[in-house]
Amino acid sequence: MPELPEVETTRKSLEPLLHQRLESVTVHHAGLRWPVPESIHSLEGHSLQAIQRRAKYLIFQLDHLQLLIHLGMSGSLRLTDPSEPKRKHDHLIFRFEQSELRFHDPRRFGCVLLHPSPLTQKLLGTLGPEPLEGGFDADHLWQQLQRRSASVKSVLMDNAVVVGVGNIYATEALFTAGIHPARPANTVTHSEAQRLTDAIRQHLNTSIALGGSTLKDFVNARGENGYFQQTLSAYGRKGLPCMRCQTSLQELRIAQRASCFCPECQPLAIDSFIEK
DNA sequence: CGAAACTCCTGAGCGC
DNA sequence: TGCGCTCAGGAGTTTC
């Protein structure tokens, strides 16, 4: 699933398209998260000037027009030779001068939209700060956590608080910071918020440095797990020994999402963490 | 306003 | 070999 590091890696990998002219757009399946607009064809004939990322959105600047793409749960963008046969779930094909860009998304949770529009302005307008930029720090996070009684994990995953922290990074950051995922957000101390902030940045930066290795679904030609998956300490490790204390990891469902944690390293009871 | 449930979708994994 | 089931989950929408 594309997390922020995968989206950033995708952005960088598409730089060969810069300054190429978009010859045509072919829509094979318009039924994404929102319908692909007919006006997508207005991009034809324009040249790609820049590719930016905001949260998990990619924004393609084509002269004065902007294309907004979100990869959802299962989306990917691939540069291919035009002679390569279309794969199942290749929903859009952007034909540039030198190569083709194909939007592939089996689950169709992604979207391809022209920006700005009322919808895209709403989508981008409610986003919180980027986790790797200056607007995100312990003060900001702590203030946001203070006003919420929901679990700290669900607040971390709220895009209005900070963008780009999905289930994997929230799970890992909470483990690293030693905070139980079900802790009410407003019980998190400022120093814990500092640890969380540091852990979120650390995990995102590490993953970007590894090229945003695909996580759960990735298996290489020899059937081995992806490298980044082997660096995970908590996500998907229910029943396995904690890498710190060997205690068996447990799993909760928080806001409909699997949440693994170490009951020793991430205590929930108040007296447990006050002693430390 | 916040919180929690619900929704979209397909492929993988499993039991039979 | 294949059927039916469950699960995975980003994030907008709905309901309270």
Side-chain angles (χ1 to χ4, degrees), chain A residues 1-8 10 28-36 53-58 68-77 87-92 103-113 115 117-131 143-174 181-188 200 204 207 212 214-220 223-226 229 232 234-239 251-260:
Chain A
M1 66 209 72
E3 297 275 344
L4 188 144
E6 283 73 31
V7 178
E8 181 60 20
T10 297
H28 290 288
H29 197 317
L32 305 181
R33 181 75 168 82
W34 293 280
V36 177
R53 179 187 60 74
R54 174 71 173 109
K56 294 179 188 171
Y57 293 94
L58 288 170
L68 186 77
I69 294 183
H70 194 292
L71 299 176
M73 294 290 303
S74 59
S76 60
L77 287 167
R87 293 187 302 170
K88 190 178 181 184
H89 307 303
D90 280 348
H91 303 313
L92 285 96
F103 177 84
H104 178 90
D105 186 9
R107 293 181 205 176
R108 287 188 272 129
F109 281 13
C111 65
V112 178
L113 297 167
H115 177 67
S117 71
L119 173 59
T120 64
Q121 285 179 318
K122 186 179 170 190
L123 295 176
L124 297 181
T126 54
L127 296 175
E130 288 288 326
Q143 282 174 19
Q144 295 292 314
L145 293 171
Q146 282 292 102
R147 349 190 263 116
R148 305 279 294 268
S149 60
S151 68
V152 57
K153 179 160 179 271
S154 60
V155 176
L156 282 183
M157 293 174 65
D158 182 345
N159 274 337
V161 173
V162 59
V163 301
V165 181
N167 198 31
I168 291 166
Y169 293 100
T171 298
E172 292 298 299
L174 287 162
R183 279 264 301 277
N186 54 18
T187 69
V188 172
I200 288 166
L204 289 173
S207 184
T214 307
L215 304 165
K216 192 179 174 68
D217 300 331
F218 181 76
V219 179
N220 73 12
E224 297 160 343
N225 289 328
Q229 185 177 31
L232 295 176
Y235 180 84
R237 301 195 72 244
K238 175 187 180 183
E251 184 180 278
L252 279 175
R253 291 201 76 78
I254 297 173
Q256 276 92 282
R257 270 144 193 86
S259 307
C260 286

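Scope of the values below: all heavy atoms of this structure, side chains included, with no hydrogens, waters or symmetry mates. Naming convention: chains lettered A, B, ... in sequence-line order (proteins, then strands); numbering from 1 in each chain.
With distances taken from any side-chain atom of A:Glu3 to the nucleotides B:dA5, B:dT10, C:dG10, the minimum falls on C:dG10. Candidate nucleotides B:dG11, B:dA3, C:dG9 were compared by shortest atom distance to the side chain of A:Tyr235, and C:dG9 ranks first. Picking from B:dG11, B:dA3, C:dA11 the nucleotide with the shortest atom distance to the side chain of A:Pro106 gives B:dG11.
Atom CZ of A:Phe109 is separated from atom P of B:dC6 by 16 Å (rounded to the nearest Å). Note: CG (A:Asp158) to P (C:dG10) measures 13 Å, nearest angstrom. We find that CZ of A:Arg33 is positioned 17 Å from P of C:dG9, with the value rounded to whole Å. Rounded to an integer number of Å, the gap from CE of A:Met157 to P of C:dG12 is 12 Å.
In this structure, A:Val165 and A:Ala170 approach most closely via the heavy-atom pair CG1-N, 3.7 Å.
Electrostatic pairing of A:Glu251 and A:Arg237 does not count as a salt bridge here, judged by no charged N lying under 4.0 Å from a carboxylate O.
Considering only side-chain N and O atoms, A:His70 lies under 4.0 angstrom from the phosphate OP1 or OP2 of C:dA11. Side-chain nitrogen and oxygen atoms of A:Lys122 include at least one within less than 4.0 Å of the OP1 or OP2 phosphate oxygen of C:dT13. An OP1 or OP2 oxygen of B:dA3 is reached within less than 4.0 angstrom by a side-chain nitrogen or oxygen of A:Ser149. Dashed line: the shortest gap from a side-chain N or O of A:His89 to OP1 or OP2 of B:dC9 is not under 4.0 Å. A sub-4.0 Å separation between OP1 or OP2 of B:dT10 and a side-chain N or O of A:Arg108 is present. For B:dC6, the OP1/OP2 oxygens have no side-chain nitrogen or oxygen of A:Arg257 closer than 4.0 Å. Dashed line: the shortest gap from a side-chain N or O of A:Lys88 to OP1 or OP2 of B:dG11 is under 4.0 Å.
Between the base of C:dG10 and the side chain of A:Arg107 there is no donor-acceptor pair shorter than 3.5 Å.
A:Ala255 comes within contact range of no nucleotide atom at all, as no heavy-atom separation falls under 4.0 Å. Residue contacts shown for A:Leu123 are limited to sugar-phosphate atoms, with no base heavy atom under 4.0 Å away.
No hydrogens or angles considered: nothing links the side chains of A:Thr120 and A:Tyr57 as a donor-acceptor pair under 3.5 Å.
Along DNA chain B, the nucleotide nearest A:Gln256 and the nucleotide nearest A:Arg147 are compared for position; the residue whose nucleotide lies closer to the 5' end is A:Arg147.
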